[in-house]
Asks: 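One structure is given below, represented as structure tokens, and several questions about it will come after.
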Amino acid sequence: MSRAFLRVLFVSIAVLCASPAVSGAAEPQPAHGIAMHGQPRYAPGFSHFDYADPSAPKGGVFRNAAVGTFDTLNPFIVRGRAALGLGYVSESLMQRSWDEPFSLYGLIAESITVPDDRSWVEFTLRPNARWHDGVPITPADVLFSWRTLRDHGRPNHRSYYGKVERAERTGERGIRFTFKPSAKASADPDAPGDREMPLIMGLMPILPEHAWTTREFDRTTLEPLLGSGPYRVARFEPGRSIVYERVPDYWGRDLAVNRGQYNFAEIRYDYYRDDGVALEAFKAGAYDFRRETDPAKWATGYDFPAARDGRVTLELLPHGRPEPMRALIFNTRRPHFADRTVREALGYALDFDWMNRTLFHGAYRRTASYYPNSELAASGPPGAAELKVLEPFRDTLPWQVFGPAYVPPATDGSGPAGLRGNLRKAQDLLAKAGWTVRDGQLRDAGGAAFEFEILLVSASDEKVALEFARALQRIGVTAKVRTVDSAQYQARLESFDFDMTLNRWTSTLSPGNEQIYYWGSEAAAWEGSRNYPGIRSPAVDALANSLATAVDRDDLVARARALDRALTWGHYVIPLFHLTADHVAYWSGLKRPAVTPVYGMVIDAWWMAE
């Protein structure tokens, strides 16, 4: 046999062994970014995000406001109420862009590697990434962060990071996370596993192992944490104010994901006892920027000299993100509210149309979805893709889920007279559930009166709760409105110590694993979770789990709409209302970029005029 023939044979064998057809798949390659679906918007080597101006001047003090108080500088645990702004101190492996539904680009990590099935993810750290004390960020820090947050972090962190089966160092600067095999979240045997986990790991906060050797992680603290971000805590008064200073030698200042952002020399938060006081402080020039969420205040509270002469700018900034689902939330752990029919009945007592006309200057839209103001909101009858997702649960979900999308009860806006028809429907439903009016009081078969408390934290919410309570009184239900301070409210909310409360959930254009934290049966028992209603539904569990398995954008939208139908027709809340643009007011020294991304304005890209 000739040497030439042997050479050809060996080369042929090598080619066959390296061929994807033989190996089964191409070897995954490191990438600068990752999108939940499709390709990232920004190509390798991009210079900055479009909504940031790289020529923005640096300097100045940005003064902001917060309502309430704080008692800890550790934002990663359930205990305590953390100060605002601590996200400026800590960083994650990757940075999210706000002009895409869900895409990440390298921050502490210079690259990300994932296989097609996303069963694992590997990050390679930047060699120049540093903590504020100059110590390099290492794979050991990443592994420490994962273990610590998995074991001692907030419930959502424990849930997410508990899905990692194995974590290991790969080379000098690499870390690989291999995920547990996913139980199929739908009846489709061909459904993929959780495709969101590589992105969730990319957003994991990274903690310095060397700074925690003598400290207990799960305790509140007023000792500033060591971080790696663009700012660090400069000074604070517990519960009253906190100031962050820009780190002059911040290691990541020239990265594309940061260019044109973090322009202020200092960022200050002052705390106020209520929002009315905070508004008056803004008008007096005590702070620079205010996002107004109360249309009544927007309509009547901003006619002051600085706004009239141009020193304060008032703007409506449209966006394309889902608005928060803000609602009166039933605690279904309470016997009164365990019955879906009872919950549906009480929803008829909320007269949105009258309140919007008389209290809010007609500025609000009624919320009818858990993803309002977005394509994720269910509308009309379910399409074929939604029905495919819903069909396995036909026997366990309310029949209405398979018909037209939920629409909240409406009135003619005339007040008590216009609400009579809805209250009659409420009475009929309550009677069906075994409640009858005796001596002017709604009572169950045993004679117990229907009474409950509406727990609030903001005085501005009282007008909605009080109007609702007055309407309930007309059908024999006693609802007492109680407003407490922020510390007490947070403690009671996290331990589910309430009958009804007014709160909200915020979702992105790419809902995923966080929805389990919001609606999952296991989360209903986790202290500090956001399953405030205590939803325990295998169908909702499966639908929420399935979001992270969506193979493309159309699939995600169909699954989100299916979940939306299950939640709205479950009557776990009484939806309130939302705006469709950000109402902002700011003093003339503050400037913003020309581009507003789909998620709305990004304050980190603003700057102070020179």
Asks: Let me confirm one number: the OH-CZ distance from Y572 to R340, rounded to the nearest 0.5 Å.
Replies: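 Spacing of OH (Y572) from CZ (R340) equals 8.5 Å.
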Asks: Do the side-chain N and O atoms of S414 and D412 include a donor-acceptor pair separated by under 3.5 angstrom?
Replies: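 Present: a donor and an acceptor within the cut-off.
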Asks: Kindly indicate, with the supporting measurements, whether the criterion side-chain contact (heavy atoms from CB on, under 4.5 Å) is fulfilled by L455 and Q488.
Replies: CA-CA 10 Å; L455 182 68; Q488 182 180 353; 5.9 Å; no
Asks: If every non-hydrogen atom of I535 is compared with every non-hydrogen atom of A524, which pair is closest and at what distance?
Replies: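 Residues I535 and A524, closest heavy atoms: O-CB, 3.8 Å.
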Asks: Between the main-chain N or O of G153 and the side-chain N or O of R158, is there a donor-acceptor pair closer than 3.5 Å?
Replies: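 Confirmed, R158 side chain pairs with G153 backbone.
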Asks: If you count the non-hydrogen atoms of other residues, nucleotides and ligands that lie under 6.0 Å from CZ in R438, is the total more than 12?
Replies: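 Above 12, so yes.
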Asks: Take atom CZ in R474; do more than 12 heavy atoms of anything else shown fall under 6.0 Å from it?
Replies: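 Result for CZ/R474: enclosed.
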Asks: Do L279 and Y302 have side chains that get closer than 4.5 Å, going by heavy atoms?
Replies: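 With C-beta onward as the side chain, the pair touches.
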Asks: In Å, rounded to the nearest 0.5 Å, how long is the span from CZ of F179 to CG of D194?
Replies: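 With rounding to 0.5 Å, CZ (F179) is 8.0 Å from CG (D194).
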Asks: Give the C-alpha distance, both sets of side-chain angles, the deciding distance and a yes or no for salt bridge (Lys or Arg N to Asp or Glu O under 4.0 Å) between R326 and D461.
Replies: CA-CA 11 Å; R326 194 162 176 264; D461 290 331; 2.4 Å; yes
Asks: So, Q473 and T478: side-chain donor and acceptor under 3.5 Å apart, yes or no?
Replies: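 T478 and Q473 do not have a side-chain donor-acceptor pair below 3.5 Å.
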Asks: Roughly how far, to the nearest 0.5 Å, is CG of L359 from CD of E467?
Replies: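 Reported to 0.5 Å precision, the distance equals 6.0 Å.
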Asks: Could you check, using the six-membered ring where one of them is a Trp, whether F70 and Y269 have ring centers closer than 6.0 angstrom?
Replies: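 That pair fails the under 6.0 Å test.
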Asks: Run the numbers on Y599 and H319 for ring-ring contact (aromatic ring centres under 6.0 Å, His included), then give the verdict.
Replies: CA-CA 6 Å; Y599 276 100; H319 59 77; 9.1 Å; no
Asks: Determine, for E453 against R492, whether the closest basic-nitrogen to carboxylate-oxygen distance falls under 4.0 angstrom.
Replies: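 Yes.
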Asks: Could you verify whether a donor N or O on one side chain and an acceptor N or O on the other, from N74 and T221, lie under 3.5 Å apart?
Replies: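 Judged by distance alone, the side chains do not pair up.
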Asks: Does D351 reach the main-chain N or O of G413 with its side chain, forming a donor-acceptor pair under 3.5 Å?
Replies: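 Absent.
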Asks: Check the surroundings of atom CZ in R357: do more than 12 heavy atoms from other residues, nucleotides or ligands lie under 6.0 Å from it?
Replies: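 It does: R357 CZ has more than 12 such atoms within range.
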Asks: For the pair F337 and F452, evaluate ring-ring contact (aromatic ring centres under 6.0 Å, His included) and give the outcome as yes or no after the intermediate values.
Replies: CA-CA 10 Å; F337 298 143; F452 67 94; 5.1 Å; yes
Asks: Test your reading of the model: is there a side-chain donor-acceptor pair from Y406 to the backbone of G570, 3.5 Å cut-off?
Replies: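 No, because the side chain of Y406 does not come within donor-acceptor range (under 3.5 Å) of the backbone of G570.
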Asks: Donor-acceptor check, side chain of N503 to backbone of I329, threshold 3.5 angstrom: yes or no?
Replies: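 Flag not set: sc N503 to bb I329 has no pair under 3.5 Å.
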Asks: Between the side chains of D554 and R559, is the shortest nitrogen-to-carboxylate-oxygen separation below 4.0 Å, so that they form an ion pair?
Replies: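 No, no charged N to carboxylate O under 4.0 Å.
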Asks: Just say parallel, tilted or perpendicular for the rings of W298 and H583, cut-offs at 30° and 60°.
Replies: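 Answer is perpendicular, since the angle exceeds 60°.
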Asks: Evaluate D564 against S369 for side chain to side chain donor-acceptor pair (under 3.5 Å), listing each step before the verdict.
Replies: CA-CA 6 Å; D564 194 25; S369 165; 2.7 Å; yes
Asks: Is any side-chain heavy atom of L328 closer than 4.5 Å to one of F468?
Replies: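 Yes, close enough: below the 4.5 Å cut-off.
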Asks: Run the salt-bridge test on R536 and D541 with the 4.0 Å N-O cut-off and return the result as yes or no.
Replies: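 No salt bridge links R536 with D541.
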Asks: Quick check: do M201 and V164 have side-chain heavy atoms less than 4.5 Å from each other?
Replies: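 Yes, close enough: below the 4.5 Å cut-off.
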Asks: Does V477 reach the side chain of L442, with side-chain heavy atoms less than 4.5 Å apart?
Replies: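 Yes, their side chains come closer than 4.5 Å.
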Asks: Please evaluate residues S510 and T508 with respect to the criterion side chain to side chain donor-acceptor pair (under 3.5 Å), reporting the C-alpha separation (whole Å), side-chain torsions for both, the decisive distance (0.1 Å), and the verdict.
Replies: CA-CA 5 Å; S510 185; T508 72; 5.2 Å; no
Asks: What's the spacing between S460 OG and K297 NZ if we round to 0.5 Å?
Replies: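 Atom-to-atom, S460:OG and K297:NZ are 5.0 Å apart.
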Asks: For the pair F76 and H152, evaluate ring-ring contact (aromatic ring centres under 6.0 Å, His included) and give the outcome as yes or no after the intermediate values.
Replies: CA-CA 9 Å; F76 305 117; H152 306 291; over 10 Å; no
Asks: Strictly distance-based, threshold 3.5 Å: is any side-chain N or O of S159 a donor or acceptor partner for the main-chain N or O of N156?
Replies: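 Judged by distance alone, no pair lies under 3.5 Å.
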Asks: Any chance you could lay out the side chain to side chain donor-acceptor pair (under 3.5 Å) test for R81 and Y489, step after step, and finish with the verdict?
Replies: CA-CA 11 Å; R81 189 171 183 86; Y489 180 80; over 6 Å; no
Asks: Within 45° of the axis and under 6.0 Å from the centre of the six-membered ring of F496, does NZ or CZ of R333 qualify?
Replies: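 Positive - R333 is close enough to the ring of F496 and near enough to its axis.
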Asks: Can you find a pair of side-chain heavy atoms, one from N356 and one from F577, that are under 4.5 Å apart?
Replies: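 With C-beta onward as the side chain, the pair stays apart.
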Asks: Determine whether a donor-acceptor pair (N or O, by modelled atom type, separation under 3.5 Å) exists between the side chain of N531 and the backbone of G520.
Replies: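 Pair found, side chain donor or acceptor close to backbone of G520.
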Asks: Quick one about E315 and Y586 (side-chain donor to acceptor, distance below 3.5 Å, no hydrogens or angles considered), yes or no?
Replies: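 Yes, side-chain donor-acceptor contact under 3.5 Å.
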Asks: Salt bridge check: are R565 and E386 linked by an N-O gap of less than 4.0 Å?
Replies: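 Salt bridge: yes.
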Asks: Any salt bridge linking R79 with D71? Criterion: basic side-chain nitrogen under 4.0 Å from a carboxylate oxygen.
Replies: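 Salt bridge between R79 and D71, a charged N being under 4.0 Å from a carboxylate O: no.
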Asks: So, R334 and D497, do they make that salt bridge, N to O below 4.0 Å?
Replies: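 Yes.
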Asks: How long is the straight-line distance from OG1 of T568 back to CD of Q400, given to the nearest 0.5 Å?
Replies: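 Between Q400 CD and T568 OG1, I get 10.0 Å after rounding to 0.5 Å.
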Asks: May I ask you to say whether R290 pairs ionically with E292, meaning some side-chain N is under 4.0 Å from a carboxylate O?
Replies: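 A salt bridge is present here (some side-chain N lies under 4.0 Å from a carboxylate O).
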Asks: Between W505 (side chain only) and R530 (backbone N and O only), is there a donor and an acceptor less than 3.5 Å apart?
Replies: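 Answer holds: yes.
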Asks: Please confirm whether the backbone N or O of N513 pairs with a side-chain atom of E196, one donor and one acceptor, at under 3.5 Å?
Replies: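 The answer is yes, because a donor-acceptor pair under 3.5 Å joins these two groups.
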Asks: Is there side-chain contact between R482 and L456, with heavy atoms separated by less than 4.5 Å?
Replies: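 Not touching, per the 4.5 Å side-chain cut-off.
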Asks: So, do P533 and N331 sit near enough that their side-chain heavy atoms are less than 4.5 Å apart?
Replies: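 The answer is no, as the side chains (C-beta and beyond) never meet within the 4.5 Å cut-off.
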Asks: Measuring from L579:CG to L316:CG, what's the distance to the nearest 0.5 Å?
Replies: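 Interatomic distance, L579 CG to L316 CG, rounded to 0.5 Å: 9.0 Å.
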Asks: For the backbone of V407 and the side chain of R366, can you confirm whether one donor and one acceptor N or O come within less than 3.5 Å of each other?
Replies: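 Flag not set: sc R366 to bb V407 has no pair under 3.5 Å.
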Asks: Can you tell me if R561 uses its side chain to pair, donor with acceptor, with the backbone of A385 under 3.5 Å?
Replies: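 Answer holds: no.
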Asks: Between Y272 and A65, what is the shortest heavy-atom contact and its length?
Replies: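 Taking Y272 first and A65 second, the nearest heavy atoms are CE1-CB, 3.7 Å.
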Asks: Go through the steps to decide whether Q515 and Y370 satisfy the test side chain to side chain donor-acceptor pair (under 3.5 Å), and finish with yes or no.
Replies: CA-CA 11 Å; Q515 302 292 302; Y370 283 74; over 6 Å; no
Asks: With a 4.5 Å heavy-atom cut-off, do M36 and R195 have their side chains touching?
Replies: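 Sidechains of R195 and M36: in contact.
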